[in-house]
Structure formats: structure tokens, C-alpha cells
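Notes follow once the structure below has been shown.
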Protein chains: 2
Amino acid sequence: MPEDHSEIGAAFLLTQLGTHAATRFAERVSALGLTPPQTGMLRMIGGTPGLSQQALAQALGMAPSKIVAFVDELEARGLVRRSRSVRDRRVHELTLTDQGQELMGRIRELAAEHEADFCQPLDADEREQLAGLLRRIAEHHGLAPGVHPGYRSLR
Amino acid sequence: MPEDHSEIGAAFLLTQLGTHAATRFAERVSALGLTPPQTGMLRMIGGTPGLSQQALAQALGMAPSKIVAFVDELEARGLVRRSRSVRDRRVHELTLTDQGQELMGRIRELAAEHEADFCQPLDADEREQLAGLLRRIAEHHGLAPGVHPGYRSLR
DNA sequence: TATTGTTATACTCTATAACTATA
DNA sequence: TATAGTTATAGAGTATAACAATA
């Protein structure tokens, strides 16, 4: 095993740090009684009000049948509302309730704290430098802004 | 949803890219019939020959009972050898077979390709810059070099 | 006939704890 | 009595496909 990180490449460090960042974020949102997928779902619905469960499934890479249970839960907690579309009565349009919007605000606060804590060893310039490099890689690989691919199956 | 990546912080980008990098790496090693945890296990055993299953479990954050099945598989494929310690006949000392070492070499090749592909949009200077920033964050958070925390449970 | 959301089911995965052999 | 490895098992989680309503 390597004695320090100096011989380890950027891609491996990224996997390692990415997992770590995800775990820390999960800890934070668990204080709100949420899991990261639920958080992502709320963010997605907040950003695209009225989207269907199919569209949500597509966007998050989850099976539609799995969406059902998630939305059930969020609806039961008064965070999300299902309403039948008037155009196509098969689809359920999803929106955040007022309570859901409010919670979304708190999630944003947590995310900012998370961001600050995680990048603590870097100064402002360096953070922007890092974010810039990462953005270029993300765009190069065609990753959708704001959605990460971790909600599907991954071994 | 954000239109581009410009308003997204480094920590989120890191989670997103880390997951993506992990998925791509998983695709690569699957060509060798391996999963990423198996790869990590081979690397760990190769780096610390003679370590016990307990030590391996500790290092990877896996339950000892889980290690058994993994080692069974790797042993059946002739990649890893269990030998009873002469000092303490309870422990199984793990080592790579010649075949395991050879496979480890191919894994290293794949890792290098993965690294190159993943960082493709960056030039050599920028890669070193990126790796340097990531290393500082990794050290600040006390991550063990070369081991990533993704083998335990994570939702 | 195709699609949306839902439910049911079979399958896999995981965690836990019991068990053995050594110490 | 305690520890290394193993096995068994119950519970959770997942994927798949069947289903009802609507198009």
C-alpha cells in the first residue's frame, strides 16, 4: 500500500473523495430525516415543477416502480404533491408543497455548509480553481449539471 | 435545475464525478471478470502479503463474514492463497498467487488507461494541479492512501 | 396497441449472530 | 475466556414483470 497520496492519480482520488463527500453529505441530510436520493428528488421536483414520475425516473436513472415508493413517502410527509394532469390523466404531476419548499431551503443551507467544510483546506482562489477543473471534466464526460449518476445500481 | 455547471460547488461536482469515475472503472475491470471491491482486495493483499482476513476486513471496512465469500471466490479462481499462520493457527495469511500478481499487473494497466481517459480534457500541468488539490483535501479529511471508503454500506 | 403509474413476486444482498478451532 | 474464520438465517432491498387506467 502507498505510504502517502503522492503516487495516486487524480481519477482514483476523485473516486475516494467523491465517496467520502457523499457519505458526509448523507450524514448532514439525515438530520432532516432525508436520504441523499430523497434530497435529489426534492431538488429535481423543485427545479422542474409539474414533471411526471416517468420523467423523474428517467432523469435520476431509477426504475419507475421504485419512484412510487419514494414519492409515497415524500407525499405522506407533506413535502410533495401528486396531481393528475388535465392534459393526460395518466400522469401525476409532481410539485413541492410549501413545506417541501421550506425544507428545500434548509437543504440548500446544509449543502453550503457541506461545501465550506469539505473544501476547508483550500482558500477561495484554490476552490474556484478546483471547481473549474472539475467542471471541465464533468462537461467533457457529458454529465448532466446538478444530477449525479449514483442513484442507479452500482456495485 | 441549473443550466450549466457554473453555479455548482466543488463538493457536489466531486460526488458526481467520483461516482462517474467509479462506474467507468467498474466497467473496465469487469473485462477481467472483477468487481471494484475484488480489485481493492487484490491490491490490498498484494501490498501487504500475509495479512489476515480480520486485518483485511478492518482495512476495507467490511464485515469479516463478508470477507469469507470474497476470498473463497478469489481463491477458487487461483488468484489468492490462504495459508495457516505458523504462529497462530487460527489466522489465514493471504497472499497473491503468481496468477494473482499477473492479474494485478493488468489491473494497474487498466487503472492507468482509466486515469488517462478520465483526465483527458486536462493537460499535464492541470492534472498535477488537480491531483495536488485533491491530495490536500484527502489528507485533511484523514483518508487512508489508496483505500476508499466505498465498500461499506452506503445509501 | 402503447404508455403511466401501481402492485406483486421472486431474487439478491446484507447484517447478525451462532458455531468451530485455536489461543 | 477471547479471537479468527466460517456458516446459517432472517430481514431488507431490488428488479422484473404483470396489472388497471387512460391515451
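Computation of the quantities below employed the complete heavy-atom set of this structure, encompassing side-chain atoms and omitting hydrogens, waters and symmetry-equivalent molecules. Nothing here was measured: the structure is a model prediction, and the numbers come from that model. Throughout, a chain's letter reflects where its sequence line sits, starting with A, and its residues are numbered from 1.
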Is there a chain of hydrophobic side chains (I, L, V, M, F, W, Y, each step under 4.5 Å between heavy atoms) that links A:Leu122 to A:Leu17?
yes
Using the test side chain to side chain contact (heavy atoms under 4.5 Å, CB included), find all partners of A:Pro49 that sit at least two apart in sequence or belong to another chain.
A:Thr95
Base, sugar-phosphate, or nothing for B:Val91, non-hydrogen atoms under 4.0 angstrom?
sugar-phosphate
Figure out the CE/C1' separation between A:Met62 and C:dG5, and round it to whole Å.
15 Å
Once you round it to whole Å, what is the distance between C1' of D:dG13 and CD of A:Gln38?
15 Å
Round to the nearest Å and state the distance from B:Phe70 atom CZ to C:dA15 atom C1'.
14 Å
With the 4.5 Å side-chain cut-off for hydrophobic clustering, are B:Met62 and B:Leu34 part of the same group?
yes
In whole Å, what is the span from the CD atom of B:Gln54 to the C1' atom of D:dT3?
7 Å
Heavy atoms under 4.0 Å is the rule here; annotate nucleotides 16-23 of chain C 5' to 3' with B where the base is hit, S where only the sugar-phosphate is, and - elsewhere.
BB----BS
Would you mind telling me which of C:dT14, D:dA15, D:dA4 lies closest to the side-chain atoms of A:Lys66?
D:dA15
Across all chains, not counting sequence neighbours, the ring-ring contact (aromatic ring centres under 6.0 Å, His included) partners of A:His140 are none
For A:Leu94 and C:dG5, what is the distance between atoms CG and P respectively, to the nearest whole Å?
8 Å
Whole-Å distance between C:dT6 P and A:Ile67 CD1?
11 Å
Residue list, ring-ring contact (aromatic ring centres under 6.0 Å, His included) with B:Phe70, at least two apart or on another chain
none
By ring-ring contact (aromatic ring centres under 6.0 Å, His included) - contacts of A:His92 (at least two apart)
none
To the nearest Å, how far apart are A:Leu56 CG and C:dT6 P?
12 Å
Do any side-chain atoms of residues 102-112 of chain A form donor-acceptor pairs under 3.5 angstrom with protein atoms, and if so which ones, sequence neighbours left out?
none

Could you state the CD-P distance from A:Gln58 to C:dT4, rounded to the nearest angstrom?
10 Å
Angle separating the five-pair end axes of the helix from C:dT1-D:dA23 to C:dA23-D:dT1, nearest 10°, is 10°
List for me each residue that meets side chain to side chain contact (heavy atoms under 4.5 Å, CB included) alongside B:Asp125, sequence neighbours excluded, and say none if there are none.
B:Asp123
Taken in chain and number order and not counting sequence neighbours, the residues that satisfy salt bridge (charged side-chain N to carboxylate O under 4.0 Å, His left out) with B:Arg82 are B:Asp72, B:Glu75
Consider the side chain of A:Arg82, meaning its heavy atoms from C-beta on, and name the nucleotide among C:dT6, D:dA4, D:dT6 that approaches it most closely.
C:dT6
